> 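One structure is given below, represented as structure tokens, and several questions about it will come after.
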Amino acid sequence: ASVLDLAAIRADFPLLAEQVNGQPLVYLDSGATSQKPQAVIDAEVAFLTRSNAAVHRGAHTLAAEATELFEDARAAVAGFVGAQPEQLVWTSGATAGLNLVAYAIGNASVGRGAPASARFALGQGDEIVITETEHHANLIPWQELAARTGAVLRHIPVRDDGTLDLEVAASVIGERTRIVAFTHVSNVLGIVNPVGELIALAQKVGAVTVMDACQSAPHLPLDLPALGVDLAVFSGHKMLGPYAIGGLYGRSDVLEALPPFLTGGSMITTVTLEKADYLPPPQRFEAGTQPVSQAVALAAAVRYLDAVGMPAVHAHEKALEQRMGEGLRSIPGIRLLGDPSTGSGTTTGSGATGVERVGLWAFDVDGVHAHDVGQFLDARGVAVRVGHHCAQPLHRRFGLTASVRASAAVYNTEADVDTFLDAVSGVRAFFGAGA
Ligand code: PMP
């Protein structure tokens, strides 16, 4: 039995009651995007129905109300990650947040619009460190920034068991390191990276830290200021919220010293035909009209998660992860990515190495293409993700081009996991693999 009242929780998510291919839906693709509770859908509809107006503008009553709802939403979402409202910048998602950071640092590097740009200036031979576990969203912006500035991109490798090699990390992060960018939880391995250790290594050399919290924010209690990270991003649609909204958290001194990326309306104080003065954070980074109804609905999403309680969410999903991992290991021909039992000198069973996980496993089925596995499961109502999950280097590291990924969220049940496992156990026989 779960620590959560799953019948009540599931009743809040209308889509979970749907059928797919004549089967009850078993939704195990929350790593790609989560389902939304009625409270989130209602919050967006209510705003558009009764409160819609342009925020931070106009003297009329409705504009003041909309502004209040918008700024209340900022406080709620900031509070969800332990932050102050002015430390939260709205973005359209994690990808936008990471590009914002990389471009802003690039602007600082060429001396554009920077209050204290020296801190971020990158030049020939400076180093940006990432990990081998990154989603392309936390890889390609750094490749581009390195190309623009002459900086060198280096990486921390992942071991066979999916953990980062911290000894190598300690040698890769050095005097030339200016930025260390890493994911909190890999969207392929489900492993919670040792981010405290990475931040400590980066701080020793004065490097800026950037964390991708896409796959942790919906699943773990998060206190970004306590973690000591400089900048972090997350996506609303993966945490029960709507599309086209996300957050960029920044330490106050870091945001204050960072120049803008996008420029235009709503981010300025005084503008002449020659130059402009910029507002302080977070508005400095919010040029143009913001995703207001989405922000209000994302606040409803974090209120929903907080009402359930993030420690309980984590405990529930951890139990699902263990059931899933044990079940998959017992099916012949399945190879889990980032399995502790494949590490050197470790014992079997998840958690055996002290590795913390979220409810997510990616795996390879010997002799059957991931896309065929996905279709086979879909015919049985089970929704999973197949492909490289925007992490090609990591798949290459494990000798694969694609994998199957099952990812759970607060609303999944043990029965979901069992239906999924039952379906997976029939895959190889169906495709005549390993017979
Ligand atoms: N980072 C990670 C770890 C992700 O899982 C994702 C989404 N798959 C992203 C970044 C990108 O998020 P978005 O597409 O919402 O910008």
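Predicted, not measured: the structure shown is a model, and the values here were computed from it. First listed ligand is number 1; within each ligand, the first listed atom is number 1.
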> Of the backbone atoms (N, CA, C, O) and the side-chain heavy atoms from C-beta on, which set of H237 has a member under 4.0 Å from an atom of ligand 1: side chain, backbone, both, or neither?
side chain

> Give the single entry among V188, L360, D212 that approaches atom 2 (C) of ligand 1 most closely by any heavy atom.
D212

> Give me the residue, atom name and distance of the protein heavy atom closest to atom 4 (C) of ligand 1.
H135 CD2, 3.3 Å

> Please verify the inter-ring angle class for W90 with F70; under 30° counts as parallel, over 60° as perpendicular, anything in between as tilted.
tilted

> Count the heavy atoms belonging to other residues, nucleotides or ligands that lie under 6.0 Å from CD of Q38, then report whether that count exceeds 12.
yes

> What is the closest protein heavy atom to atom 7 (C) of ligand 1, and at what distance does it sit?
K238 NZ, 2.4 Å

> Which ligand 1 atoms does N187 reach within 4.0 Å, using its non-hydrogen atoms?
3 (C), 5 (O)

> Start with the C-alpha distance between D160 and R397, add both sets of side-chain angles, then the distance that settles salt bridge (charged side-chain N to carboxylate O under 4.0 Å, His left out), and finish with yes or no.
CA-CA 9 Å; D160 287 346; R397 160 68 181 80; 2.8 Å; yes

> Around atom 14 (O) of ligand 1, find the nearest protein heavy atom and jot down its residue, atom name and distance.
T95 OG1, 3.6 Å

> In ligand 1, which numbered atoms sit nearer than 4.0 Å to a non-hydrogen atom of Q215?
3 (C), 4 (C), 5 (O)

> Show the atoms of ligand 1 that are less than 4.0 angstrom away from any heavy atom in S235.
12 (O), 13 (P), 15 (O), 16 (O)

> Just checking, is any N or O donor in the side chain of D12 or Y304 under 3.5 Å from an acceptor N or O on the other one?
yes

> Is the ring pair F363/F420 parallel, tilted or perpendicular, if the boundaries are 30 and 60 degrees?
perpendicular

> Does Q87 reach the main-chain N or O of R251 with its side chain, forming a donor-acceptor pair under 3.5 Å?
no

> Applying a 4.0 Å heavy-atom criterion (strictly less than), which segment of A94 is in contact with ligand 1: side chain, backbone, both, or neither?
both

> Got more than 12 heavy atoms from elsewhere within 6.0 Å of CD, Q19?
yes

